[in-house]
Amino acid sequence: MATVLVTGGAGFLGSHLCDRLVERGEDVICLDNFFTGRKENIRHLLNHERFELVRHDIVHPFYLEVDRIFNLACPASPEAYQYNPIKTIKTSTVGMVNVMGLAKRCGARILHASTSEVYGDPQVHPQTEEYWGHVNPIGPRSCYDEGKRIAESLMMNYHHAHGVAIRIIRIFNTYGPRMDPNDGRVISNFITQAIRGDDITVYGAGTQTRSFCYCSDLIEGMLRLMDQDDHTGPINIGNPVENTMLELAEAIIAATGSTSKIVNMPLPKDDPQRRCPDITKAREILKWEPKVVLKEGLQQTIDWYRKEIG
Ligand code: NAD
Ligand code: UDP
C-alpha cells in the first residue's frame, strides 16, 4: 500500500481521514502544527504500526517520501482563521508552495481541501464549480477566501507546468464528532450552548443559510475524488439540503431537549447570506451523494459532545 501524507491530520476532518486511511491499510504520516488540531483526535492512532505523527508547520519546508498527499492544513473556523490572518495567508500561499514542491519532487498525487468560501457571498445559487465567486478581497474573511483561491491557482499552475497530479475538492460546511467545542463554528457553538443551557447565539436575523454535510459523507467523497484517475476537479462536496441558522438552532434545541433561548447577536461583516452546493459533478463523476440526514448527523454529534463537555 501507499505512503500517504495528511497535513492538518490532527484536526477535525484530518483525523477522520487518517482513521479511514489506516483502516484501509495505507501507511499514514500525519503532519500538524496543532494550531487548531488536538492530540485527542488522533490519540487512538498513536501506537498503530501504520501511523506516524510529525509536528511541523507547512509554512516551513519539509522533506518526506510519499505517494499521496491530502493537504488539509489550514484553520477552518472564521474565529480561528481571523485570529492571525497573515499566518492564515502564509499557510495557503507559502505553505502551499512547500506542499506542491513536495508533490512535484515525489511525483505524488495531491488532493487539496478547498472550500465553498471561494464563492464568497454568492450571487449564483446553488453554486456550481463554474461560478467564479463574489469575494471581498480586503474584508475580514479574505485571508481565508483569497488564500484558498490562490492555492487553487497554484495547484492548476503546478499541474500545467510540471504535470503534478492534482485533485481539488471544494468542501461545504461539514460537521460531526471532534469539531473543537470552542472553535466558534455554528454547529459547535449551538450544541455546546444547548447542552449547557446557555443562550443560543444566532448572528443577525438567522435567515442566512448553510448546507451541512456529515463528516463520514465528506470523507467518502474526498477518497473517491483522490482515487479516480481522470479528473482534477474542482468538485463540490457537500449536502445540498439548505437550512437557515434559525432552523438549525431550533433543530438543535429539539434534539438536545434543551431549555436554552435563542438570542440575536450582530451579524459578522461579509457573512455569506446563502450557501448551497450544486453536486451534479460529484454525482456523475464520483457516483457520490450524502447519505446522512441532518437529524441523524446532529444526534451523533450531540452524543459525542455530551461525552466531551459533560
Ligand atoms: P481544523 O481547524 O479542525 O483542522 C485544520 C488542521 O490544520 C488543524 O489540525 C491545524 O492544527 C492544522 N494546521 C493549520 N495550519 C497549519 C500549518 N500551517 N501547518 C500545519 N498544520 C496546520 O479544520 P477542519 O474543519 O478539519 O478543516 C480541514 C480542512 O478542510 C481545512 O483546510 C479547511 O479549510 C477545509 N474545509 C473545511 C470545511 C468544514 O466545514 N469543516 C469547509 C471547507 C473547507
Ligand atoms: N453563526 C451563528 N451563531 C454562531 C456561530 C455562527 O448564527 O454562534 C452563523 C454565522 O454568522 C454564519 C453561519 O452561522 O452565518 C455559519 O457560520 P460558521 O462560522 O459555522 O461557518 P461559515 O460558513 O460562515 O464559514
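For this chain, numbers begin at 1 and follow the sequence in order. All ligand and atom numbering here is 1-based and tracks the order in the structure.
Heavy-atom proximity to N189, at under 4.0 Å, picks out these atoms of ligand 2: 4 (C), 5 (C), 8 (O). Near F35, meaning under 4.0 Å from any of its heavy atoms, are these atoms of ligand 1: 11 (O). For ligand 2, the atoms closer than 4.0 angstrom to any heavy atom of V202 are 7 (O). Listed by number with element, the atoms of ligand 2 under 4.0 angstrom from any heavy atom of R275 are 22 (P), 23 (O). Every atom of ligand 2 is numbered from 1 in the order shown, and the set under 4.0 Å from a heavy atom of T201 is 2 (C), 3 (N), 4 (C), 7 (O), 8 (O). Interface atoms of ligand 2 facing Q208, defined by a heavy-atom separation under 4.0 Å, are 9 (C), 11 (O), 15 (O). With ligand atoms numbered from 1 in the order given, ligand 2 contributes 21 (O), 22 (P), 23 (O) to contacts under 4.0 Å with heavy atoms of N173. Applying the 4.0 Å criterion to heavy atoms of R185 picks out, from ligand 2, the atoms 19 (O), 20 (O).
Of the heavy atoms in E79, none comes closer than 4.0 Å to ligand 2. In S114, the part holding a heavy atom less than 4.0 Å from any atom of ligand 1 is the backbone. Looking at T36 against ligand 1, both its backbone and its side chain come within 4.0 Å, counting heavy atoms.
Among all non-hydrogen protein atoms, the one lying nearest atom 17 (O) of ligand 2 is V186 CB, 4.0 Å. Residue, atom and distance of the protein heavy atom nearest to atom 5 (C) of ligand 2 are Y203 CE1, 3.3 Å.
Side-chain contact check for H112 versus K148: some heavy-atom pair is nearer than 4.5 Å. Annotation: side chain of R170 is in contact with side chain of S114 (closest heavy-atom distance under 4.5 Å).
For atom 32 (O) of ligand 1, the nearest non-hydrogen atom from the set M222, M179, K87, K148 comes from K148. The residue from R141, M179, E117, R274 that puts a heavy atom closest to atom 24 (O) of ligand 2 is R141. When the heavy-atom distances from atom 5 (C) of ligand 1 to G37, P75, C74 are ranked, the shortest goes to C74.
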Exercise for review: Under the salt bridge (Lys or Arg N to Asp or Glu O under 4.0 Å) rule, what do D227 and R167 come out as? Steps first, then yes or no, please.
Suggested key: CA-CA 10 Å; D227 289 343; R167 303 286 181 269; over 6 Å; no
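Of the N or O atoms in S116, none lie within a sub-3.5 Å distance of an N or O in ligand 1. Between Y81 and ligand 2, a contact under 3.5 Å exists for no N or O pair. The shortest N/O to N/O separation between D271 and ligand 2 falls below 3.5 Å. The shortest N or O to N or O distance between A73 and ligand 1 is not below 3.5 Å. For ligand 1, the polar-atom distance check against F12 finds a nitrogen or oxygen pair separated by under 3.5 Å.
In this structure, P78 counts as a contact residue of ligand 2, since one of its heavy atoms falls inside 4.0 Å of the ligand.
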